[in-house]
There are 2 protein chains.
Amino acid sequence: MTDATVAQNLKVACSNCNLRELCLPVGFSPDDIDRLDEIVKNRRRVKQGDSLFNDGDPFTSLYAIRTGFFKTSVTTDDGREQVTGFQMAGEIVGLDGIVNEQHSCHAVALEDAEVCVMPFANVESLSREFPVLQRNVHKIMSREIVRENEVMMLLGNMRSEERIAAFLLNLVQRLHTRGFSKTELVLRMSREEIGSYLGMKIETVSRTFSKFSDLGIIEIKQRFVHIKDADALKKICNPQVC
Amino acid sequence: MTDATVAQNLKVACSNCNLRELCLPVGFSPDDIDRLDEIVKNRRRVKQGDSLFNDGDPFTSLYAIRTGFFKTSVTTDDGREQVTGFQMAGEIVGLDGIVNEQHSCHAVALEDAEVCVMPFANVESLSREFPVLQRNVHKIMSREIVRENEVMMLLGNMRSEERIAAFLLNLVQRLHTRGFSKTELVLRMSREEIGSYLGMKIETVSRTFSKFSDLGIIEIKQRFVHIKDADALKKICNPQVC
DNA sequence: CGTGGCCTTGAATAACCTCAATTAAGGTGG
DNA sequence: CCACCTTAATTGAGGTTATTCAAGGCCACG
């Protein structure tokens with residue numbers, strides 16, 4: 001269950017990156033694939049708890065996560081934090097910075113992480129050259145918009161049990177795509193961060209986990225979760241099926 | 001307060017569109033500006049209550065709103081609707097469709113509307129040719145991501161009075177950008193749609209409006225709103241100032 | 001072995017929702 | 001033009017959900 005399987009020794013090159021199919025387009029011609037390596041300037045390590053970027057930082061680059069786990073969040077003037085997402089290997093952060101040429105959210109590593117730094121100027125110039133890359137960039141941004149639409153549904157329409165169920169299913173599904181278990185996961189974030197993301201207080205998060213545990217739907221011990229009855233979780237998300 | 005001032009007789013051409021500075025990049029060279037007109041294939045009228053596109057429709061185009069007012073929404077399997085945004089002249093809808101080549105939300109006209117149909121293939125090919133247009137497309141998508149981050153803050157962290165206050169300020173600010181009043185507006189959406197967007201029930205929306213009215217912050221008669229004390233609304237959004 | 005951070009649990013409270021009744025507005029047909 | 005009908009919005013009373021406040025437990029770490 002560690003990410004050690006993903007973290008391997010690789011030079012800074014997309015062409016032989018094991019995450020390429022997650023963060024870059026498929027169908028690149030063999031002749032052009034070397035050009036793709038220009039997109040990444042360098043790698044950057046971020047220690048657990050450190051920021052990749054902060055609200056207000058000038059925007060220069062997008063970041064592709066190689067290893068580790070991030071949260072992004074926005075903050076109000078009066079200090080309230082809203083976690084806007086959790087990102088794992090193969091996902092892209094930093095898109096918020098494009099519009100005003102400065103970031104409007106924070107990105108913090110929830111475990112030691114490594115990212116590929118992609119200067120946005122490189123992304124744009126290569127995109128003009130390679131339509132398949134251009135399309136990929138557009139898809140990544142569109143995917144983020146669609147994801148946020150789903151979160152709005154979660155926050156606006158669902159009750160706390162539905163939110164937690166949807167959250168767990170989403171996490172485990174994404175981990176499964178990356179070769180991890182379909183039924184077991186380790187939460188990289190605190191209850192507080194889960195609550196912030198899902199619009200609930202830490203106590204409500206805890207109570208909901210306990211309830212699912214009592215019902216035999218999950219086993220939970222600290223940050224380790226075993227999903228014993230995924231169908232039950234799905235039913236909680238889609239109550240009309242009952 | 002009608003949109004008649006905005007709706008004028010114009011041929012299908014961005015180069016002389018009075019909304020150009022809202023939806024297209026500035027700084028286009030005079031030589032190239034005619035090429036820009038290629039981006040719009042045609043115009044399309046959408047009657048009040050009709051869909052511009054539906055969840056599941058194949059994605060072909062982005063739409064720039066010329067006149068009228070739209071809502072976008074997503075729906076769960078069990079029929080719950082979450083309004084994800086309200087869009088007015090100069091704003092772009094359809095970005096959700098890029099990632100899966102089909103739309104994942106509905107766009108419905110809340111009043112008779114006209115949109116410029118921009119086939120996405122045109123957008124992409126012209127973007128490769130004109131970096132300033134490419135940058136503009138990226139900014140539009142990034143802006144939408146940032147906007148949704150703000151909505152997540154609204155839904156996840158704010159109480160109902162704050163949501164309504166933020167909603168009114170946001171609407172009137174956008175209308176003001178378009179030459180309308182800073183203090184008066186007509187709500188194009190029902191209480192139900194406001195509630196769906198803000199994650200509250202219709203009764204709570206209504207009560208909150210009534211409360212603001214009783215406090216002398218706004219005057220409200222059906223869908224007409226007069227903001228009498230914008231500072232009070234701002235204070236409600238940012239309680240730390242008190 | 002003690003300390004601090006994170007998590008859990010309980011009881012009381014507040015916010016919002018549900019249900020129900022009433023009022024207001026807009027549209028239709030006589 | 002008015003009466004009627006339908007839909008939208010408001011208001012009240014009571015219930016539910018989630019929050020707040022408070023106490024205690026569990027680990028990890030020095």
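None of these values were measured; they are calculated from a predicted model. Order of the sequence lines fixes the chain letters, A, B, ..., with proteins taken first and strands second; residue numbering starts at 1 for each chain.
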* Crowded around A/E192 CD? As in, over 12 foreign heavy atoms under 6.0 Å? -> no
* Value in whole Å for how far the P atom of D/dT10 lies from CD of B/E192 -> 13 Å
* Can you give one letter per nucleotide of nucleotides 18-24 of chain D, 5' to 3': B if a protein heavy atom sits under 4.0 Å from the base, S if only from the sugar-phosphate, - if neither? -> SBBB---
* Asked: Short question: side chain of B/E91, backbone of B/M88 - any donor-acceptor pair under 3.5 Å?
  -> yes
* Residue among A/K47, A/R45, A/R188 satisfying salt bridge (charged side-chain N to carboxylate O under 4.0 Å, His left out) with A/E111 -> A/R188
* Taking the side chain from B/R44 and the backbone from B/E114, do they hold a donor-acceptor pair closer than 3.5 Å? -> no
* To do: Give A/S210 one of three labels, base, sugar-phosphate or nothing, depending on what nucleic acid heavy atoms sit under 4.0 Å from its own.
  => sugar-phosphate
* chain B contact limits on DNA chain C, taken 5' to 3' with a cut-off of 4.0 angstrom to heavy atoms -> C/dA15 to C/dA25
* **Sugar-phosphate only, base, or nothing, as touched by B/R163 at under 4.0 Å among non-hydrogen atoms** => nothing
* Asked: How are the rings of B/F53 and B/Y63 set relative to one another: parallel (under 30°), tilted (30 to 60°) or perpendicular (over 60°)?
  -> parallel
* Asked: Ring centres of A/Y197 and A/F86 under 6.0 Å apart?
  -> yes
* What residue among B/D214, B/T208, B/L215 forms side-chain contact (heavy atoms from CB on, under 4.5 Å) with B/K211? -> B/L215
* Asked: Yes or no on side chain to side chain contact (heavy atoms under 4.5 Å, CB included) for B/I194 and B/F167, after CA distance, side-chain angles and deciding distance?
  -> CA-CA 9 Å; B/I194 295 171; B/F167 171 73; 3.9 Å; yes
N/O to N/O distances under 3.5 Å, protein versus nucleotides 25-30 of chain D:
none

* Would you say B/D96's side chain and B/S104's backbone share a donor-acceptor pair under 3.5 angstrom? -> yes
* Asked: Hey, is the main chain of B/N54 close enough, under 3.5 Å, to the side chain of B/S51 for a donor-acceptor pair?
  -> no
* Value in whole Å for how far the C1' atom of D/dA8 lies from CD of B/Q48 -> 14 Å
